[in-house]
Amino acid sequence: MGFSCCIPCINPLLNNGQCQKRLTWAKDKKDWTAAEWSKVMFSDESKFCISFGNQGPRVWRKRGEAQNPRRLRSSVKFPQSVMVWGAMSSAGVAPLCFLRSKVNAAVYQDVLEHFVLPAADQLYGDADFIFQQDLAPAHSAKATSTWFKDHGIPVLNWPANSPDLNPIENLCEEEDAICQTQQCRRAEGHYQSNLGSHNT
């Protein structure tokens with residue numbers, strides 16, 4: 001029949017209003033040139049699992065191999081994860097920031113101050129750039145908007161619930177796939193011991 005068992009792709013659940021705003025945004029940006037998009041620094045926070053629970057890759061095995069050690073996958077009751085902020089543009093990527101506390105407006109502004117500003121200097125120098133972020137409460141807080149105005153950084157308007165429009169999601173998926181390899185599992189202790197070197 002041509003069917004195969006697959007893990008479904010993820011798609012954001014949108015209401016009619018959000019769909020209309022996404023369409024309006026897309027129409028507004030459809031004529032942007034590559035040069036205009038190259039000025040955008042895309043950003044996001046992502047959670048990476050560094051000790052694995054019940055989710056993970058599938059295995060191929062023959063009948064009777066269910067308990068074969070080579071066909072097993074380890075699990076833990078309370079998987080450990082790390083929240084990471086990152087940014088990218090056509091000019092390169094910003095240093096990662098490991099977030100060890102809940103991201104409120106104050107924490108986010110600290111990330112902007114210590115990671116976005118140095119990254120902008122590195123990637124753009126004296127040239128203008130546009131910062132992209134989603135509509136998370138810490139991002140859309142009045143104090144955060146004031147921070148951007150005070151630093152003269154324009155923010156790209158962004159439709160709600162639209163992670164699929166952000167190209168950094170592709171980079172995060174690649175990083176997540178790497179983190180699900182055996183090599184990354186062995187490096188779990190390394191990640192834990194170095195969280196304090198780049199965190200807020």
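Under the 3.5 Å distance criterion, the side-chain polar atoms of Thr33 are matched with a main-chain donor or acceptor of Glu36. At distances below 3.5 Å, not a single donor-acceptor pair connects side-chain atoms of Gln20 with backbone N or O atoms of Gly17. Distance alone, capped at 3.5 Å, is enough to place a donor-acceptor pair between the Thr146 side chain and the Lys142 backbone.
With a 4.5 Å cut-off on side-chain heavy atoms, Leu165 and Pro159 count as touching.
The aromatic rings of Trp32 and Trp37 sit tilted relative to each other, their planes meeting at an angle between 30° and 60°.
At a cut-off of 3.5 Å, with distance as the only test, no side-chain donor of His114 or Gln109 sits close to an acceptor on the other residue. Checking Gln133 against Tyr108 by side-chain atom types alone, a donor-acceptor pair falls below 3.5 Å. Side chains of Asn161 and Lys21: no donor on one and acceptor on the other come within 3.5 Å.
The nearest pair of heavy atoms linking Tyr124 to Met41 is OH-N, 3.8 Å. Nearest heavy atom pair, residue Phe131 against residue Ile153, reads CB-CG2, 3.9 Å. The shortest heavy-atom contact between Gly86 and Leu96 is CA-CD2, 4.1 Å. Shortest non-hydrogen contact noted between Leu123 and Ser89 is CD1-OG, 3.8 Å. The heavy-atom pair separating Val84 from Leu99 by the smallest distance is C-CD1, 4.4 Å. Between Lys47 and Met83, the closest heavy-atom pair is N-SD, 3.8 Å.
When the side chains of ILVMFWY residues are joined at heavy-atom separations under 4.5 Å, either directly or via intervening members, Leu23 and Leu14 end up in two distinct hydrophobic clusters. The cluster map of Ile, Leu, Val, Met, Phe, Trp and Tyr, joined by side-chain heavy atoms under 4.5 Å apart, puts Leu135 and Val111 in different clusters.
Between the CH2 atom in Trp25 and the CD atom in Gln18 there is a gap of 15.0 Å [rounded to 0.5 Å]. Atom-to-atom distance recorded for Glu169:CD and Phe42:CZ is 11.5 Å, nearest 0.5 angstrom.
Put simply, the residue from Asn157, Asn166, Asp44 that forms a side chain to side chain donor-acceptor pair (under 3.5 Å) with Gln132 is Asn166.
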### Query
Run the side chain to side chain contact (heavy atoms under 4.5 Å, CB included) check on His139 and Val155 step by step: do they pass?
CA-CA 10 Å; His139 303 175; Val155 177; over 6 Å; no
### Message
Assess the residue pair Leu112 and Trp85 against the criterion (side chain to side chain contact (heavy atoms under 4.5 Å, CB included)); give the C-alpha distance rounded to whole Å, side-chain angles, the decisive distance to 0.1 Å, and a yes or no.
### Response
CA-CA 10 Å; Leu112 297 175; Trp85 174 92; 5.5 Å; no
### Task
Let me see the working for Asp128 and Lys39 under side chain to side chain contact (heavy atoms under 4.5 Å, CB included), right down to the final yes or no.
CA-CA 7 Å; Asp128 294 334; Lys39 296 180 180 179; 5.7 Å; no
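Within 6.0 Å of CG in Asp121 there are more than 12 heavy atoms belonging to other residues, nucleotides or ligands. More than 12 non-hydrogen atoms from other residues, nucleotides or ligands lie less than 6.0 angstrom from CG of Asp150. In Lys149, the NZ atom is not crowded: 12 or fewer heavy atoms of neighbouring residues, nucleotides or ligands sit closer than 6.0 Å.
Between Asp164 and Arg22, at least one side-chain N (NZ, or NE/NH1/NH2) sits under 4.0 Å from a carboxylate O, which counts as a salt bridge.
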